[in-house]
Amino acid sequence: MTDRSSSRTTINDLLLELVNSGERIIYAREAVIVYPVSNQAQILERGIRSEIKANNFVCAVSLLRSLMEAAMVLVYESTADKRNKEENYNQIVQNKRLRRWSKSKRDWENVRDEHLIQQFETSTKIPIRQSYNNACDMLHFSTKHFQMLGEQKASDTDTARVIFTFSESGPEVPKSEYDAIVKLTNDLMGIVQDYLAAWIQQKRRNHSEPSSVLAEKVLNGRQVINRG
C-alpha cells in the first residue's frame, strides 16, 4: 500500500469537515472521543514513519501499538451498542477512561483491550489480535526484550554461549518487519479516515444537509457501520 501521509485528504481535512457539518453543532461523542482520538492517530502516524526512517524498530512498534488502540477506540465508539449514550459520555469524563455497561455485572466498567479487539475484528474483519499482542510485548517489559538483546551461539562445550549486544540504535531487523509496520499503519489510518467520513455523512443526514464530497471521496462507495 502507498504512504497515506501523502494523500490529498488528511485527518485534519476530515475533522474540519465534521466540525462544519450539522449546523456546526459539536456533540459529546465528538468532543470526548472523535476529535482527540483522531488527532492522536495522525500524530502517532507521523511518529511511526519518522522512527521507521531512523531504523528505530522498538519505538516504531511501541507507537504502532498506540495507533492500534486509537483505531480500535474509534471503531468501538461507532459500532458498539450503548445502554445510554448521554450517561456513557458522562462516565468517560468522570472516570477518565472509555466505559461500557456490563449486562452481567449490571454496572459500568472500563472498556478493556479484549472488548476493543473483539469489536474491531467483528466490525472490520481485520485480524489484529496477534499484531496487538506482539506490540504489547514490545511496549511493556517481556521476554521479548531479552530475546532481542541476546543472541545464543553454538558452543563446543555443554555451556551455552550468549552474546549480548547493547546499542542506542536498537536491534537490527529484516526489512520485512518494517514493511509489515507500514502496511498495518496504512490500514489503520485508512480505517480512521473511513469512520470519520461515515460520521460526517451521518451528521449531515441528521441535519438534512447535502452529502459531503470529501467524505464521499474517502469512502468511495464503501459502507461503514455507524450506529451513531
Side-chain angles (χ1 to χ4, degrees), residues 10-12 14-19 21-22 24-48 51 58-124 126 128-129 131-142 184-185 188-189 191-200 202-203 224-228:
T10 68
I11 297 296
N12 277 343
L14 291 166
L15 288 174
L16 182 59
E17 187 84 341
L18 185 60
V19 168
S21 299
R24 297 180 65 85
I25 296 172
I26 305 299
Y27 293 100
R29 69 184 303 193
E30 297 169 6
V32 175
I33 296 178
V34 179
Y35 296 158
V37 173
S38 299
N39 189 56
Q40 181 193 33
Q42 66 179 348
I43 294 171
L44 289 167
E45 180 196 21
R46 178 183 176 188
I48 291 168
E51 296 304 338
V58 173
C59 284
V61 174
S62 298
L63 292 174
L64 178 63
R65 187 272 187 192
S66 294
L67 179 58
M68 282 189 267
E69 183 174 348
M72 288 193 293
V73 166
L74 287 180
V75 173
Y76 187 90
E77 160 60 19
S78 183
T79 61
D81 291 324
K82 299 179 183 65
R83 178 173 181 264
N84 181 304
K85 292 181 181 180
E86 183 176 349
E87 178 59 21
N88 178 264
Y89 300 122
N90 288 337
Q91 284 283 326
I92 294 172
V93 172
Q94 292 169 11
N95 294 275
K96 301 179 175 62
R97 292 289 185 275
L98 195 65
R99 302 279 281 176
R100 68 186 290 271
W101 174 259
S102 172
K103 293 181 180 179
S104 59
K105 298 177 183 178
R106 300 188 61 79
D107 196 6
W108 290 93
E109 65 177 7
N110 288 344
V111 173
R112 301 191 302 274
D113 292 0
E114 182 62 27
H115 301 134
L116 294 176
I117 293 170
Q118 286 185 2
Q119 193 70 27
F120 183 89
E121 292 188 336
T122 299
S123 300
T124 67
I126 296 177
I128 201 171
R129 184 182 300 274
S131 295
Y132 186 80
N133 289 339
N134 290 341
C136 285
D137 285 343
M138 186 68 67
L139 182 64
H140 306 298
F141 179 75
S142 69
L184 184 51
T185 297
L188 293 170
M189 293 306 293
I191 287 171
V192 172
Q193 288 203 353
D194 285 350
Y195 276 87
L196 279 176
W199 275 320
I200 290 168
Q202 177 173 303
K203 189 175 183 181
V224 177
I225 298 174
N226 188 357
R227 291 198 172 98

Check: Do you know the tightest heavy-atom contact between Arg65 and Cys136?
Finding: NE-SG, 3.4 Å
Next item on the list: Give the minimum heavy-atom separation between Met189 and Ala41, together with the two atoms involved.
Entry: SD-O, 3.8 Å
Note to self: Does any part of the side chain of Asn110, heavy atoms only, come nearer than 4.5 Å to the side chain of Arg99, both counted from C-beta?
What the structure shows: yes
Check: Taking all atoms of both residues into account, what is the closest heavy-atom pair of Ser21 and Lys203, and its distance?
Finding: O-CE, 3.2 Å
Next item on the list: May I ask you to decide whether Glu114 forms a salt bridge with Arg129, counting only side-chain N to carboxylate O separations under 4.0 Å?
Entry: yes
Checklist line | Donor-acceptor pair, side chain of Glu121 and main chain of Ile128, under 3.5 angstrom | finding: yes
Check: Taking all non-hydrogen atoms of both residues, which atom of Met68 and which atom of Ser131 are closest, and how far apart?
Finding: CE-O, 3.5 Å
Check: What are the two closest non-hydrogen atoms of Ile11 and Ser38, and how far apart are they?
Finding: CG2-O, 3.6 Å
Notebook entry, point to check: Would you say the side chain of Tyr195 lies within less than 4.5 Å of the side chain of Ile191, judging by non-hydrogen atoms?
Noted result: yes
Checklist line | Min side-chain heavy-atom separation Asn90-Asn84 under 4.5 Å | finding: no
Next item on the list: Measure the shortest side-chain to side-chain distance between Ile33 and Tyr89 over non-hydrogen atoms and say whether it is less than 4.5 angstrom.
Entry: yes
Checklist line | Contact summary for Val34 and Leu196, nearest pair of heavy atoms | finding: CG1-CD2, 3.5 Å
Next item on the list: Using a 4.5 Å cut-off on heavy atoms from C-beta on, say whether the side chain of Leu16 contacts that of Asn12.
Entry: no
Next item on the list: Find out whether Val19 and Tyr35 are in side-chain contact, i.e. whether some heavy atom of one side chain is under 4.5 Å from a heavy atom of the other.
Entry: yes
Check: Are any side-chain N or O atoms of Lys82 and backbone N or O atoms of Glu77, one a donor and one an acceptor, separated by less than 3.5 Å?
Finding: yes
